[in-house]
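To find a chain, count down the sequence lines: A is the first, B the second, and so on, and within it residues start at 1.
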Amino acid sequence: MHSDRASLGLKIAAAAGLLFLHLPILLIFVYAFTTEEKSFQWPPPGLTLKWFAVTWNRPDVWEALGLSVKVASISTVIALILGSLCAAAVSRTRFFGRETISLLVILPIALPGVVTGIALRSAFSIADIPFSTWTIVLGHATFCVVIVYNNAVARFRRTSGSLIEASMDLGANMFQTLRHVILPNIATALVVGGMLAFALSFDEVIVTTFTAGQQQTLPIWMLEELVRPRERPVTNVVAMVVVLVTMLPILGAYYLTRGTEAVAGQGK
Amino acid sequence: MSAVSFDHVSRHFGEVKAVDGVSLDIPEGEFFAMLGPSGSGKTTCLRLIAGFERPTSGRISIFGEQVADLPPYKRHVNTVFQDYALFPHLNVIDNVAYGLMIAGQGRKARHAAAEQALEMVRLGGYGTRKPSELSGGQRQRVALARALVNKPRVLLLDEPLGALDLKLREQMQEELKGLQRQLGITFVFVTHDQGEALSMADRVAVFNEGRIIQVGAPEDIYFRPEVPFVADFVGSSNVLPAPLVARLTGTESPAAIRPERVRLAGEGPLKAVVTGLSFLGLSTRVTLDVEGTRMTALLPQDAARPTVGETVALAWAEGDLHLMRGGA
């Protein structure tokens, strides 16, 4: 017989698992308020809000944040354009090598970041390209494109091909069809893909270390900061910000896709 | 002037000849059905008229205008799609008004016209709903209204009733026929259901393997099939092989006879063994073996019923046995 109630042992195990996953994140939040600045001491000797002010006044934090936002934004825009075009080509037409292209587009996300990073770095050095914002953007775009592509391809598959024919049958040319039928039908998929791509780019470390040179994005800045014993809680304040900035788009994406299921399923 | 005319039109997909040298003429105001099994080329013909396919060779004209190279959005025809293809992001009224919006009509005017079209298909007041909130039959009506609101000169219907249940289908058949009579628009209707084609159309074209096998009024197609394929596909006629017919009539060609025209008699030109009986309500279907050829006869309920295994004689009225050309 199937029992509706989980056994006590199972409940404890589940609780322990959840604690193991989320307690460290909670600790990071707590240490953002500690009065002890050199080592992480438990329990915190006192609580203070001064680190928020300190963080606010640190120009290196602003610089790193600025670079991260810039990189994430540009990567997302590139991903939106390339990803949706590629998805349209792969799902709307049949051509020689279509499956191969589909695989090649998805590959970067399956490839370990170290491999992508080293590959890009050696490519940059061979081509004699100096490190800049654009080298980071290029690195991030490799996996951001995949995210948008995957979302768009799934939506294209559920959007019945006869919708486009119906639009043209009713007098709309290609541009009118794109504007009035295709874009409204894939809009949520693009928003979701864009949000996820932004979040992914914003907290990326591995590929960035190979493509950034001396520049610091926010996650890289945090990594460097950990070895320095001064004003440690500043790192925790930044960590909190990063968690919020990346969590919100992901949660938003989750709610958006949940809402569209009913709409997307009505091809017939 | 004919509404649609095909002049030796072919559409090949690589080796596959989806449409192979079809010529036809559909006069204005006709209800024309394209009937055939799946893969027979009837849907490709419809798509050629709509402009979703370009012919490999041949000429297509709509009201005298050569359209082979015109894109769908420059043709005065509209299509009711098999899966309806309603825009899921628009509500019913905006779906119906889509063509008018593209044509540049103002919001108020096009909504008024769309509401009128919805009333014509008995869906007045449904404008604010989303297509996902409608039943299959209602979606079908919206698709119909969306096409008709543009006042097309030819309306193309691609198996529009295929997804509906039997009762709805019969009701929609009546309504479509009524609409066509009322509007006087040329309807081109694709179906694999011979009953639908015979009951609705003024003329039927029977397709097989990319060619038109026979065109004619429903009565011609039903009672006077020209080839065994038509006899077999349209309502399962009995097809008698040429040698048997040669013995009966002296002409060496296959012949068709409708099951309801076959009588069981004491005396007759053909002897048959009864192999099965099934009760159908209005009639009884008798399966027969005539020297190795399978035949069926439909007997009215008041006729005397044979028993399985009995040898009977078959008879029919002069003219019910219809001689055909050999081949397909």
Would you compute the distance between atom CG of B/Asp94 and atom NE2 of A/His180 and round it to the nearest 0.5 angstrom?
11.0 Å
Are more than 12 heavy atoms from other residues, nucleotides or ligands located less than 6.0 Å from atom CZ of B/Arg59?
no
Spatial distance of atom CD (A/Glu165) from atom CG (B/Asp158) [nearest 0.5 Å]
9.5 Å
Please determine whether the number of non-hydrogen atoms from other residues, nucleotides or ligands lying under 6.0 Å from atom NZ of B/Lys17 exceeds 12.
no
In terms of heavy-atom contacts, does CD of A/Glu63 have more than 12 from other residues, nucleotides or ligands at under 6.0 Å?
no
Out of curiosity, A/Asp169 CG to B/Asn150 CG, how far, rounded to the nearest 0.5 Å?
8.5 Å
Distance (rounded to the nearest 0.5 Å) between A/Ile182 CD1 and B/His89 NE2
10.0 Å
Residues that B/His192 engages under side chain to side chain contact (heavy atoms under 4.5 Å, CB included), provided they are two or more places apart
B/Lys42, B/Glu159
Determine whether B/Phe87 and A/Ser167 make a side-chain contact, defined as any pair of heavy atoms from C-beta on separated by less than 4.5 Å.
yes
Using a cut-off of under 4.5 Å on heavy-atom pairs, state which of B/Phe52, B/Tyr73, B/Tyr98 scores highest against chain A.
B/Tyr73
Distance in Å, A/Gln176 CD paired with B/Met101 CE, rounded so as to fall on 0.5 Å steps
7.5 Å
In terms of heavy-atom contacts, A/Ala166 and B/Phe81 come closest through CA-CE1, 3.5 Å
Is it the case that over 12 heavy atoms from other parts of the model lie below 6.0 angstrom from the CD atom of B/Gln66?
yes
So B/Pro88 and A/Asn185, do their side chains get closer than 4.5 Å, heavy atoms only?
yes
Just wondering, are more than 12 heavy atoms of other shown residues or ligands nearer than 6.0 Å to NE2 in B/His76?
no
Separation of A/Leu170 CG from B/Thr79 OG1 (nearest 0.5 Å):
8.0 Å
Quick check: are there more than 12 heavy atoms from other residues, nucleotides or ligands sitting under 6.0 Å from CZ of A/Arg179?
no
Among residues 140-149 of chain B, those lying within the under-4.5 Å heavy-atom range of chain A are B/Arg146
